[in-house]
Amino acid sequence: MARNKYPEETRNLIIETAGRLFLEKGYERTSIQDIINHLGGLSKGAIYHHFKSKEEIMMAVGDTFYADSEKRMKSVCQRQDLNGKEKIQEVFRVSLDTPAQAEMATIAPDMLKNPQLLVMFLRDSVQQEAPDLLTPIIEEGIRDGSIKTDYPRELAEVLMLIGNLWINPMIYPCSTEEVVKKVQFFKYLTDKLGLEVITDEVIDKIKNFSEVFHENKEKK
């Protein structure tokens, strides 16, 4: 009755419960049955009515964690006081200035061991966020003269691939020192492109994310 009469409330309850368990136990150590056991009597069918897999639940949890950050990034796109280049810089800063970074590092999913989760993350980053968020900003930068490139879509995708995947220890296993080295190369690359999106603040936040991720991965 609950899932039929109040489907949105049921979906939100599943996401909230799963998010709490992921934070407490880690993604890998939390099973679908664990989530069911904390849903106050809802059945397995109630979960699979809304989500096909634990991976889909994880993506929904991540969307919830990053909802405020996504709202702030979209608001950057609407600002009239920034040119395209400045918007790209602000989007990078805002994307890391969120509690969601620490929450994801605490959950510590190993995406390299979970192809389904990796494909979902890749699809959202490159096929959704790049064209919906970054490409329009880059095109605006081309029009106002602050960004010089003949490849706005390709540049947006590469920024997402490097920023969300290549320097992400959840996907490419590497030490914090190696992550920092990658970010420094990313800075070199984007500086050469005239974007200058990687600041010392950005490097520090990514370094902190990696440290928290490795610390929680060892615990869980």
> Same cluster or not: are Trp166 and Tyr188 linked, directly or through other Ile, Leu, Val, Met, Phe, Trp or Tyr residues, by side-chain heavy atoms under 4.5 angstrom apart?
Replying inline: yes
>> Using every non-hydrogen atom in the two residues, find where His50 and Glu56 come nearest and quote the distance to one decimal.
In response: O-OE1, 4.4 Å
> Just checking, is any N or O donor in the side chain of Gln33 or Asn37 under 3.5 Å from an acceptor N or O on the other one?
Replying inline: yes
> Do Leu122 and Leu112 belong together in a cluster built from hydrophobic side chains that touch within less than 4.5 Å?
Replying inline: no
> Under 3.5 Å, is there a donor-acceptor pair between the Glu201 and Thr199 side chains?
Replying inline: no
> Rounded to the nearest 0.5 Å, how far does CD1 of Ile167 lie from CZ of Phe209?
Replying inline: 9.5 Å
> Does Lys87 make a cation-pi contact with Phe92 (under 6.0 Å, within 45 degrees of the axis)?
Replying inline: no
> Does Val119 share a hydrophobic cluster with Leu165, counting links as ILVMFWY side-chain heavy atoms below 4.5 Å and allowing steps through other members?
Replying inline: no
>> Side-chain heavy atoms nearer than 4.5 Å, only ILVMFWY residues, links allowed to pass through others: does that put Val212 and Tyr27 together?
In response: no
> Do any N or O atoms from the side chain of Gln127 and from the backbone of Ser125 form a donor-acceptor pair under 3.5 angstrom?
Replying inline: no
>> Determine whether Glu178 and Lys181 satisfy the following criterion, salt bridge (charged side-chain N to carboxylate O under 4.0 Å, His left out), listing intermediate values before the conclusion.
In response: CA-CA 5 Å; Glu178 290 169 326; Lys181 193 74 172 177; over 6 Å; no
> Measuring from Met104:CE to Phe22:CZ, what's the distance to the nearest 0.5 Å?
Replying inline: 9.5 Å
> So, His214 side chain and Ser210 main chain: donor-acceptor pair closer than 3.5 Å or not?
Replying inline: yes
> To the nearest 0.5 Å, what is the distance between CD1 (Ile198) and CD (Gln89)?
Replying inline: 10.0 Å
>> We want to know whether Glu86 and Ser146 form a side-chain donor-acceptor pair, criterion being a heavy-atom distance below 3.5 angstrom.
In response: no
>> Looking at every non-hydrogen atom in both residues, tell me the closest pair between Lys85 and Leu195 and how far apart they are.
In response: CE-O, 3.7 Å
> Can any side-chain N or O of Asp97 pair as donor or acceptor with the backbone N or O of Arg93 at less than 3.5 Å?
Replying inline: no
>> Just by distance, no angles: are the side chains of Gln101 and Tyr66 close enough, under 3.5 Å, to form a donor-acceptor pair?
In response: yes
